[in-house]
Number of protein chains: 4
Amino acid sequence: MWFRVDPRSPTPVYRQVVEGVKEAVAKGVLASGERMPSVRELAARMTLNHNTVARAYQELVREGVIEVVQGRGAFVSPRPPPLDRERRVAALLAALRPVVREARYLEMEDEEVVDLVRRALADWRQGRGGEGA
Amino acid sequence: MWFRVDPRSPTPVYRQVVEGVKEAVAKGVLASGERMPSVRELAARMTLNHNTVARAYQELVREGVIEVVQGRGAFVSPRPPPLDRERRVAALLAALRPVVREARYLEMEDEEVVDLVRRALADWRQGRGGEGA
Amino acid sequence: MWFRVDPRSPTPVYRQVVEGVKEAVAKGVLASGERMPSVRELAARMTLNHNTVARAYQELVREGVIEVVQGRGAFVSPRPPPLDRERRVAALLAALRPVVREARYLEMEDEEVVDLVRRALADWRQGRGGEGA
Amino acid sequence: MWFRVDPRSPTPVYRQVVEGVKEAVAKGVLASGERMPSVRELAARMTLNHNTVARAYQELVREGVIEVVQGRGAFVSPRPPPLDRERRVAALLAALRPVVREARYLEMEDEEVVDLVRRALADWRQGRGGEGA
DNA sequence: GTGGTCTAGACCACC
DNA sequence: GTGGTCTAGACCACC
């Protein structure tokens, strides 16, 4: 599969599936319009409960990552339209809050934080951004 | 109080208290060595149960943010020693992963992400980093 | 159960549960990977509150003794990796301090102390290491 | 003073005083029959509450480490008679239990544990066994 | 069914 | 007065 799931992680399994799929899309492993495996197929392949995978798919639909066509299966969505994107950028900004808070607690300089971000971006590119939640 | 708590948030209330206190320390609202309100007083002021606050204090002790003196109360710690800091920087890097993942999913350029981070850092400085958990 | 708990002991009950479980693992009563009784089941069997047992389990997770799998229960961990072990040896050394102090107060010779330790190790092997906290 | 006390330690202050005095006796800093400072004097010198020191003295009497002579003050006891000693050796053996338990959990060999004990004994002799509880 | 969290209220050791 | 622990009972997310 394009990602792994750790049942011992504190992040719910269904959430890990959601993130795993998004990551696969981000990395181009799953292309726009590509057909997703069925809920039961993915569940079988990853030895997960199909209810768990179903819930993940629901969430992915809600987040606009995939689309379900009646009786024909699920497909990777085209990239979200600009408006939606704005909302996501806002979400990203919100996601940065705990990071900034911790950085401030550690009395890090702005540039130190920025350097760390660049490093995180580079890590990802080198494929080292592979697992975990 | 220096922070708010949302009982309907998925993050547990005691965790929100932990983050709230760390944020207060980061912002200088709580100074090194300053006396914390007693567990019961904070609980009363925030209309939480004393057990919930006690758990938060224990977590804060474990994270080195506060220190408890026998029957006298809790006090804000002096800043964590540099060694401890290293471990925290690593934690910060880990905290950046989901952010990077989302950014990649949004097909943002590195510099776009960096700009967003700079904005988040600036927002904080302007005191707009005030609420949420 | 594989251990007993003394509600009047100065060591908190939840701590006694932690030690009891570690002892069971050390003795092989609980094998690596084995499923732990559920929090509520153990609580019922020991006539403790489920909260107390839950706290013990959380502590055991933190110490790497058990692992919790989402909605399926807790399991005994594989043995801690060597690195972690180093830290534990240090802890063991620290735990020896009060023993040494008492021995010195009793004016015991080094070899007397060592003999006592050998005896304690043997006692354990003979299963006489069974009770107390 | 012959020892220090850490108010932030989880071990009660009065207990630290007890251990501190025993350690001083063990090290010969306080000799048999020597006069102890009065409760209030020791409290003043260590900036502790006199109630705390009083409690420690009570405990020291109970353990046979010091003796109080009506109106004349407290004195370091002569070393405990052999019978008493036996009881203490038993106590020492009991104190070894948690150490043995942890060692067993770590799957340490007997000789490894013995070596660690020798090291702890040597550490003490080199005066490195000075503080902490 | 499984663990995790929270309130409510009591009790305890320590200072 | 201060933090720590425990029982009782309710509720929740996850699988």
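Just so we're on the same page: letters track the sequence lines, and every chain starts at 1. Note that this is a predicted model, so its numbers are computed, not measured.
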**Q** What is the 5' to 3' range of DNA chain F, first to last nucleotide, that sits under 4.0 Å from any heavy atom of chain C?
**A**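 Both ends considered, the range comes out as dT5(F) to dC15(F).
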**Q** Tell me, please, which residues at least two apart from E63(B) pass salt bridge (charged side-chain N to carboxylate O under 4.0 Å, His left out).
**A**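 R15(B), K22(B).
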**Q** Identify, with sequence neighbours excluded, every residue that meets salt bridge (charged side-chain N to carboxylate O under 4.0 Å, His left out) alongside R62(C).
**A** E59(C)
**Q** Within the side chain of R85(C), is there an N or O that forms a donor-acceptor pair under 3.5 Å with the backbone of L106(D)?
**A**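 Yes.
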**Q** Not counting sequence neighbours, which residues clear salt bridge (charged side-chain N to carboxylate O under 4.0 Å, His left out) with R55(C)? List them please.
**A**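 Salt bridge (charged side-chain N to carboxylate O under 4.0 Å, His left out) check on R55(C) returns nothing, list empty.
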**Q** At their closest point, which heavy atom of S77(D) faces which heavy atom of G64(D), and how far apart are they?
**A** OG-O, 3.1 Å
**Q** Taking only Lys NZ, Arg NE, NH1 and NH2, and the carboxylate oxygens of Asp or Glu, determine whether R97(C) and E19(D) approach each other closer than 4.0 Å.
**A**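 Salt bridge flag = no for E19(D) with R97(C).
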**Q** How close do S9(C) and Q16(C) get, counting heavy atoms only, and between which atoms?
**A** CB-NE2, 3.4 Å
**Q** Please list residues of residues 66-78 of chain C whose heavy atoms come under 4.0 Å from any atom in DNA chain F, ordered by number; otherwise none.
**A**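 The answer is Q70(C), G71(C).
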**Q** Determine the stems involving DNA chain F; a stem requires 3 or more consecutive pairs of the Watson-Crick or G-U wobble kind, each with both distances below 3.5 Å, and the answer is none if no such run exists.
**A** E:1-14 with F:1-14
**Q** Output all residues satisfying side-chain contact (heavy atoms from CB on, under 4.5 Å) with A95(C), sequence neighbours left out; order by chain, then residue number.
**A**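 Expected list: V99(D).
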**Q** Which residues in residues 37-57 of chain B have at least one heavy atom lying under 4.0 Å from any atom of DNA chain E?
**A** R40(B), L48(B), N49(B), H50(B), N51(B), T52(B), R55(B)
**Q** Suppose we screen for side-chain contact (heavy atoms from CB on, under 4.5 Å). Which residues come up paired with V69(B), at least two apart in sequence or across chains?
**A** R72(B), F75(B), P7(D), R8(D)
**Q** H50(D) and A43(D): which non-hydrogen atoms are nearest, and at how many Å?
**A** CA-CB, 3.7 Å
**Q** Report the residues that fulfil side-chain hydrogen bond (donor to acceptor under 3.5 Å, both in side chains) with R87(D), sequence neighbours left out, ordered by chain and then residue number.
**A** none
**Q** Identify whether any heavy atom of R15(C) sits under 4.0 Å from a base atom; if not, whether one sits that close to sugar-phosphate; answer base, sugar-phosphate or nothing.
**A** nothing
**Q** Looking at residues at least two apart in the chain, or sitting in another chain, which of them share a side-chain hydrogen bond (donor to acceptor under 3.5 Å, both in side chains) with N49(C)?
**A**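 Scan of N49(C) (side-chain hydrogen bond (donor to acceptor under 3.5 Å, both in side chains), adjacent residues dropped) gives N51(C).
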**Q** Could you pull out all residues at least two apart from A74(D) that satisfy side-chain contact (heavy atoms from CB on, under 4.5 Å)?
**A** M36(D), Y57(D), I66(D), V68(D)
**Q** Assign each of P12(B) and P12(D) to its nearest nucleotide of DNA chain E by heavy atoms, then name whichever residue's nucleotide is nearer the 5' end.
**A** P12(B)
